[in-house]
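Report on the following structure.
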There are 2 protein chains.
Amino acid sequence: MKSFFDKTGKMALGSRLRMLTARFTDDATEIYKLYDLPLSPKWFPVLFILIEDTEKTITEIAEEIGHSQPSVTKIIKEMAAAGLVASNLKSADKRTNVVKLSEKGQQLSEKLKVQLVDVEAAVETLTSEARHNLWEAIAEWEFLLDHKSLLRRVNEEKKLRESKDVRIVEYEAKYQSAFKALNEEWISTYFTMEAADYKALDNPKTYILDRGGKIFVALYKDEPVGVCALIKMDDPDYDFEMAKMAVSPKAQGKNIGWLLGNAIVKATKELGGKKLYLESNTLLKPAISLYHKLGFKKVVSRATPYARANIQMELVLDN
Amino acid sequence: MKSFFDKTGKMALGSRLRMLTARFTDDATEIYKLYDLPLSPKWFPVLFILIEDTEKTITEIAEEIGHSQPSVTKIIKEMAAAGLVASNLKSADKRTNVVKLSEKGQQLSEKLKVQLVDVEAAVETLTSEARHNLWEAIAEWEFLLDHKSLLRRVNEEKKLRESKDVRIVEYEAKYQSAFKALNEEWISTYFTMEAADYKALDNPKTYILDRGGKIFVALYKDEPVGVCALIKMDDPDYDFEMAKMAVSPKAQGKNIGWLLGNAIVKATKELGGKKLYLESNTLLKPAISLYHKLGFKKVVSRATPYARANIQMELVLDN
DNA sequence: TCTAATTACATAACTGGTTATGCAAATATA
DNA sequence: TATATTTGCATAACCAGTTATGTAATTAGA
């Protein structure tokens, strides 16, 4: 068994924990027998709460011990059948089921305290024999996972790894079809293609590059999965417009938008631009949030050839 | 939740482990989704084994991953339904169900490897953030519990604590009824009371004390629960006989036999005895093993007034 | 060599939890 | 103040494992 987990690595942490848990719960049953306590180990958390604070409702107990409410309902039912608790006590709120220990339950809990002392001592001995403190380790991991779940941590690792496979390159003629297709994909999903779209997407060289603009392509494992254009503007207020940003849905979650955006900002600076402009639609939540992350701020309306534009943003470059 | 476990103490280690386990397995489901792997997390151990060694029987897999055989049977059934494994492959032994990954299963396992790397990295990061190493702690506790189970450890604590409530005192007239009752209890359970029994048990003063012997009584919480006599012998080979040892079944597991035996040995020395003798019956396994623990060795037969005696032992005192 | 014991596995039933759901009581709101 | 929403809890159904049990195939033994 040990060797199995050595082979699997940390991926099997859940499995390994489950097995260790099983050892404890199996032994718990025997330990209760040893002390001649007619208790089911699973009653322990509920019993413990009722020893501490005499009267409690089902939901209160569930919250305190971290179980679901139906779990506590079941446990209380079993304990009531064993004569350890009195439930459905009269209370102002008739929905609640107020529970407290019966006489028998109190007597039993006195005997339980003796057992608790021995178990505590046994675990303490175990802890002193071990170099690694399991109890403290659990507490610490609970804290760390509260702060950031394993899912989020894995997701971050995934993005990190995948972004290493993403390269941002300058536009070449061979990417023209990808440039058009990627844009057409999202535009026609949310809106409809307009005349201005066709002009730029069909003739990027004439309409973007030759006029002093740039286009960047994001390659994931050498396949184009994202594009973005930097278009020279003929406007006293702005030097360049960031436009035609598109990322394939298949390549989502790889930070590609962020990498393209950064490439655009860097290129603007290299070309001596001071202010970057963009148009978008508030329907595109992830895009808007990306623009904010890149430092863009909303600006007041301005004439636009696109029907779908309902928000305009700018980024003032400080160097 | 944390505060709940702070209050309960180590007794709730099982509960706490179960909850931490739940966090991992819940997140595992989401992680598989993130990688677009149509796998159930519970398949992982089986899948892992099949990636390592192509062909395996159900029982082999169960042993390697530490699950029960029916658990593996169920998992294989599910994986077969999902088209990941081919089961019931032809084999010499027709009882066995030989299983291997299908083409689809192999493709999926390739994708799984990518995920494994990310999870490993995420857990590694977690470990580096933590002061206590959970993975190592689990491995160590598994080892320590293999060596001595929690049940045994708790039992030892219990005996230790209870033996503190046991006092060995010298016989007084008020213990005569206990002396008789405790002996009568076990003798009549396994054998029948003999004439020699009644003589000694009814008149301990005349037959034991007045002849230079001693009787010790073990009190548990001031109740007599064990007795043992040291009887002066009229024999060139032996000075004293240890006899009439009896411990109440209710007080078993408190080391009382051992404590009484030690009291007898100590008294023999104080009285200047060099050799201690006893008679017993091999039916009484725990008693014989106690005598061995006290240092008694078997000796060859010798005349005895007791029909039930079928083993004789002696202890030579060295000081 | 024939029978008895063992082995491999499928199935059923149980365990200690969970989520989903519905109903009655209490509270909030128009 | 009537209605909508929320709350507390019981019940049902599910989940990932377990133990118990029955059956067919194999192996051991008299």
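- Backbone-only contact: A:T57 has heavy atoms under 4.0 Å from sugar-phosphate atoms and none from a base.
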Item to complete: Using a 4.0 Å cut-off on protein heavy atoms (strictly under), produce a 5'-to-3' string for nucleotides 17-22 of chain D with B for base contact, S for backbone-only sugar-phosphate contact, and - for none.
Response: BBBB--
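- Contact check, B:N97 against C:dA8: no side-chain N or O comes under 4.0 Å of OP1 or OP2.
- Between B:R23 atom CZ and C:dG17 atom C1' there is a gap of 17 Å when expressed in whole angstrom units.
- Checking the phosphate oxygens (OP1, OP2) of C:dA10, a side-chain nitrogen or oxygen of B:T73 falls inside 4.0 Å.
- For A:K7 and B:F48, the positive end is not near the middle of the six-membered ring at less than 6.0 Å and at most 45° from its axis.
- Under a cutoff of 6.0 Å and an axis angle of 45°, B:R23 and A:W141 do not form a cation-pi pair.
- A salt bridge does not link B:K74 to B:E78: none of the charged side-chain nitrogens sits closer than 4.0 Å to a carboxylate oxygen.
- Geometric assessment of A:K254 against the ring of A:Y220 yields a positive cation-pi assignment under the 6.0 Å and 45° thresholds.
- The phosphate of D:dT11 has OP1 or OP2 within less than 4.0 Å of a side-chain N or O from A:K77.
- Scanning for side chain to side chain donor-acceptor pair (under 3.5 Å) contacts around B:E110 gives B:K113, with sequence neighbours left out.
- Distance CG (A:D93) to C1' (C:dA24): 11 Å, rounded to an integer number of Å.
- The distance from atom CD1 of A:I61 to atom C1' of D:dA10 is 15 Å, rounded to the nearest whole Å.
- At a cut-off of 3.5 angstrom, the base of D:dT26 holds no donor-acceptor pair with the side chain of B:R95.
- Residue A:E78 contributes atom CD, which lies 14 Å from atom P of C:dC14 at whole-angstrom precision.
- Regarding B:E63, its CD atom lies at a distance of 11 Å from the P atom of C:dT7, rounded to whole Å.
- Salt-bridge check for A:R152 with B:E30: failed, with every basic side-chain N at 4.0 Å or more from each acidic carboxylate O.
- Using a cutoff of 4.0 Å between basic side-chain nitrogens and carboxylate oxygens, B:R131 and A:E136 are not scored as salt-bridged.
- Checking A:N88 against B:A92, the closest nucleotide of DNA chain D that is more toward the 5' end is the one next to A:N88.
- Distance B:K56 NZ to C:dC9 C1': 17 Å, rounded to the nearest Å.
- Straight-line distance from the CD atom of A:E60 to the P atom of D:dG8: 9 Å, rounded to whole Å.
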